[in-house]
Colleague: 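Before anything else, here's the structure in question.
All chains are named by letter (A, B, ...) in the order of the sequence lines, taking the proteins before the strands, and each is independently numbered beginning at 1.
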Amino acid sequence: MFDEIEAPLVRVLEEMEATGIRVDGAMLEAMGRDLRAELERVEREIHDLAGHPFNVNSPQQLRKVLFDELGLVPSGRRTQKTRVHSTGQEVLEALAAQHPLPARVLEYRELSKLLGTWVEALPKLIDPEDGRVHTRFHQLGAATGRLSSSDPNLQNIPIRTPLGRRIREAFVPEPGWLFVSADYSQMELRILAHLSGDPELIRAFSEGRDIHAYTAAAVTGIPLEEVTPELRARAKAVNFGIIYGMSEFRLAREQGMSRDEARAFITAYFERYGKVREYIDGVIAHVARHGEVRTLFGRRRSFPELIATEDGTRGGLSRPQREALVRQAVNATVQGSGADIIKLAMVRLHARFRDQGLAARMVLQVHDELLVEVPAGEVAQVERHVREVMESAARLAVPLAVDVRSGPNWSAVH
DNA sequence: TCAGATCACCGC
DNA sequence: AAACGCGGTGATCTGA
């Protein structure tokens, strides 16, 4: 782990930080003008609906307007520390049925988030020397072995909404260069298939299936062709939820199912993917004995509090505390193995570019994606090298599939 | 003016 | 009592 991955990665990250990534400041300034105008319009609508002005950015003031003044019925969801009524996204979506204001607030929040966190912040961080933004990569920024990124964080640039995606358009290569983006397809589920050895999950990936649709069919017994988008979305939630140790409570809440339906779905999942259940139980037993878990390549994360005591007590932890640590331990094997694999790929890809005399250079890593800035004439070669290096970084029981695309900005490659 | 807590929300 | 893992950032609020 240290000699072959972390030690050589130091220089790779150092070079990526020094290289930075080019950001089109003028484009963001123009977006900023549009967004500010739009934000003011939405803000006026909100104030009209409330009957008076207030700071929409203040959950405290918003709470007062929604629940005291307009008399909307709270959902029951409370905030974490102060246990007051939440004004979070899910709550506002539900409240939208009662009054037009919550939907406007959701709109306001999207605009204000994009404007404040990226559109206004990024231009200030462009180095006037080279027109590029130089993030910091923290090699062990996450407890699982993942990188983190700060000042600015370039691992959480928007992509989900159309407006958000426009921010990615401002990330551009040098004139005459292109971006090549490569991302591991369903990386963590493939790792789970490998670690658990589950034959059904392995078959799905080996046959190149749409894993969420496949799971939906496998769990319900419905033929693959008859899986509806809604059913597929539920299966997708379960596929991810398994990696995170999701409860039936949350699945039910988020998918609009009853507790019984959610429980049945999860039960059916483990009946179909039995080795996944065994794998999770195996990790839990291992950490109870050794107080640590290991990833595919031997990275360790310590959980001393989870070592089983002689008398079977929980070592001073409440049940929720212990369960939270167990979820962390199980997830760390999967997420950490993903980190191992992409970090090794980065080390090898850097060496490959050097050995092949290519000018191409890695500029970003976003957990399962590498973004490379490439002279136009090298694109075809680099695409081949990137795919080859990433796909062969680990030999798993399933193929490690990589999607590779090139384009003129960071939005165009997705 | 500043630090820390809180809430909310962006990504994988 | 809590309920899905890993991060970072901005706005607000509070108190020094």
Side-chain angles (χ1 to χ4, degrees), chain A residues 54-63 77-92 105-106 108-122 125 135-138 140-161 163-165 167-168 183-189 192 237-255 259 262 266 280 293 301 317-336 338-339 342 364-370 410 414:
Chain A
F54 68 99
N55 188 342
V56 186
N57 276 320
S58 164
Q60 197 177 296
Q61 296 179 35
L62 178 62
R63 198 152 34 234
R77 284 261 266 174
R78 305 284 177 131
T79 59
Q80 198 49 240
K81 293 285 177 198
T82 56
R83 315 306 301 171
V84 292
H85 294 303
S86 163
T87 69
Q89 219 164 70
E90 269 186 65
V91 171
L92 294 182
V105 173
L106 286 168
Y108 180 95
R109 288 241 178 102
E110 187 192 356
L111 296 172
S112 148
K113 178 83 182 177
L114 296 177
L115 186 68
T117 308
W118 296 289
V119 177
E120 292 185 332
L122 282 173
L125 296 164
T135 187
R136 302 175 60 201
F137 286 110
H138 307 279
L140 296 169
T144 52
R146 273 191 181 181
L147 300 182
S148 71
S149 156
S150 72
D151 311 291
N153 181 359
L154 295 185
Q155 291 181 320
N156 72 341
I157 302 300
I159 192 169
R160 224 179 55 247
T161 66
L163 204 49
R165 290 184 80 105
I167 291 169
R168 288 196 175 218
D183 64 279
Y184 285 110
S185 158
Q186 310 293 356
M187 186 186 217
E188 294 190 348
L189 281 174
L192 180 66
V238 173
N239 274 331
F240 280 106
I242 295 301
I243 295 172
Y244 301 148
M246 184 178 54
S247 65
E248 67 191 49
F249 293 82
R250 183 146 169 176
L251 180 69
R253 195 181 70 209
E254 291 192 357
Q255 295 301 312
R259 287 274 305 277
I266 293 170
I280 291 170
V293 294
R301 181 172 177 185
L317 294 174
S318 68
R319 181 191 286 257
Q321 285 173 329
R322 204 187 72 87
E323 287 179 345
L325 287 174
V326 166
R327 289 194 298 273
Q328 289 173 13
V330 173
N331 175 262
T333 67
V334 180
Q335 187 181 116
I342 193 164
L364 294 180
Q365 186 255 50
V366 193
H367 310 308
D368 63 359
E369 172 189 9
L370 292 178
W410 195 11
H414 278 280

Colleague: For atom CZ of A:Arg253, decide whether the heavy atoms of other residues, nucleotides or ligands shown that lie under 6.0 angstrom number more than 12.
Modeller: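 Correct, the count exceeds 12.
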
Colleague: If I take atom CG in residue A:Leu122 and atom P in nucleotide C:dG8, what distance separates them, rounded to the nearest angstrom?
Modeller: 17 Å

Colleague: Do nucleotides 6-12 of chain B as a string where each nucleotide becomes B, S or -: B if the base has a protein heavy atom under 4.0 Å, S if just the sugar-phosphate does, - if no protein is that close.
Modeller: SSSBBSB

Colleague: Yes or no on side-chain hydrogen bond (donor to acceptor under 3.5 Å, both in side chains) for A:Arg109 and A:Thr87, after CA distance, side-chain angles and deciding distance?
Modeller: CA-CA 11 Å; A:Arg109 288 241 178 102; A:Thr87 69; 3.0 Å; yes

Colleague: Quantified in whole Å, what is the C1' atom distance between nucleotide C:dA3 and nucleotide B:dA5?
Modeller: 24 Å

Colleague: What does A:Ser318 touch in the nucleic acid at a heavy-atom separation under 4.0 angstrom: a base, only the sugar-phosphate, or nothing?
Modeller: nothing

Colleague: Which part of the nucleic acid, if any, lies within reach of A:Glu254 when heavy atoms closer than 4.0 Å are counted: base, sugar-phosphate only, or nothing?
Modeller: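 Base, at least one base heavy atom under 4.0 Å.
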
Colleague: Whole-Å distance between C:dC6 P and A:Phe137 CZ?
Modeller: 21 Å

Colleague: Given C:dC6, is OP1 or OP2 found less than 4.0 Å from the side-chain N or O atoms of A:Asn331?
Modeller: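 No, no such contact exists.
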
Colleague: Grab the CG-P distance between A:Asn239 and C:dC4 for me, whole Å please.
Modeller: 16 Å

Colleague: A:Leu111 has an atom CG; how far is it from atom C1' of C:dG10, in whole Å?
Modeller: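 To the nearest whole Å, that distance equals 15 Å.
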
Colleague: So with a 6.0 Å cut-off around CZ of A:Arg83, is the heavy-atom count from everything else above 12?
Modeller: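 Count over threshold, so yes.
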
Colleague: Grab the CZ-C1' distance between A:Phe249 and C:dA2 for me, whole Å please.
Modeller: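 These atoms are roughly 9 Å apart.
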
Colleague: At 4.0 Å (heavy atoms only), tell me whether A:Ala332 reaches a base, stays on the sugar-phosphate, or touches nothing.
Modeller: nothing

Colleague: Rounded to whole angstroms, how far apart are CG on A:Leu154 and P on C:dG8?
Modeller: 13 Å

Colleague: For A:Glu248, check salt bridge (Lys or Arg N to Asp or Glu O under 4.0 Å) against everything at least two apart and list the hits.
Modeller: A:Arg259, A:Arg263

Colleague: What about A:Gln328: does its side chain form a donor-acceptor pair under 3.5 Å with the base of C:dC4?
Modeller: no

Colleague: Pick the nucleotide of DNA chain C nearest each of A:Arg301 and A:Arg259; which residue has the one closer to the 5' end?
Modeller: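 First, find each residue's nearest nucleotide; the 5'-ward one identifies A:Arg259.
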
Colleague: Can you name the residues that form a side-chain contact (heavy atoms from CB on, under 4.5 Å) with A:Asn153, not counting sequence neighbours?
Modeller: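 Here the qualifying residues are A:Ser149, A:Gln155, A:Asn156.
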
Colleague: So what does A:Gln321 hit on the nucleic acid, given a heavy-atom distance under 4.0 Å: a base, only sugar-phosphate, or nothing?
Modeller: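 The answer is nothing, as A:Gln321 stays clear of every strand by at least 4.0 Å.
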
Colleague: Hey, is the side chain of A:Arg327 poking within less than 4.0 Å of OP1 or OP2 on C:dG5, counting only N and O atoms?
Modeller: yes

Colleague: Quick one: list whatever passes salt bridge (Lys or Arg N to Asp or Glu O under 4.0 Å) with A:Arg250, sequence neighbours left out.
Modeller: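 So A:Arg250 forms a salt bridge (Lys or Arg N to Asp or Glu O under 4.0 Å) with A:Glu254.
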
Colleague: Between atom CG in A:Leu62 and atom P in C:dA11, what is the gap in whole Å?
Modeller: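 Nearest whole value for this atom pair: 17 Å.
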
Colleague: Base, sugar-phosphate or nothing for A:Gln60? Non-hydrogen atoms, less than 4.0 Å.
Modeller: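 The residue A:Gln60 makes sugar-phosphate contact but no base contact.
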
Colleague: If the condition is salt bridge (Lys or Arg N to Asp or Glu O under 4.0 Å), which residues does A:Arg77 pass it with, not counting sequence neighbours?
Modeller: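 Here the qualifying residues are A:Glu90.
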
Colleague: With a 4.0 Å cut-off on heavy atoms, is A:Arg78 in touch with a base, just the backbone sugar-phosphate, or nothing at all?
Modeller: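 Nothing, no nucleic acid heavy atom in range.
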
Colleague: If I take atom CD in residue A:Gln61 and atom C1' in nucleotide C:dT12, what distance separates them, rounded to the nearest angstrom?
Modeller: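 In whole Å, C:dT12 C1' lies 9 Å from A:Gln61 CD.
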
Colleague: Quick one: salt bridge (charged side-chain N to carboxylate O under 4.0 Å, His left out) pairs with a partner in residues 150-159 of chain A, sequence neighbours left out?
Modeller: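 Checked against salt bridge (charged side-chain N to carboxylate O under 4.0 Å, His left out) - neighbours excluded - the pairs reaching residues 150-159 of chain A are A:Arg136-A:Asp151.
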
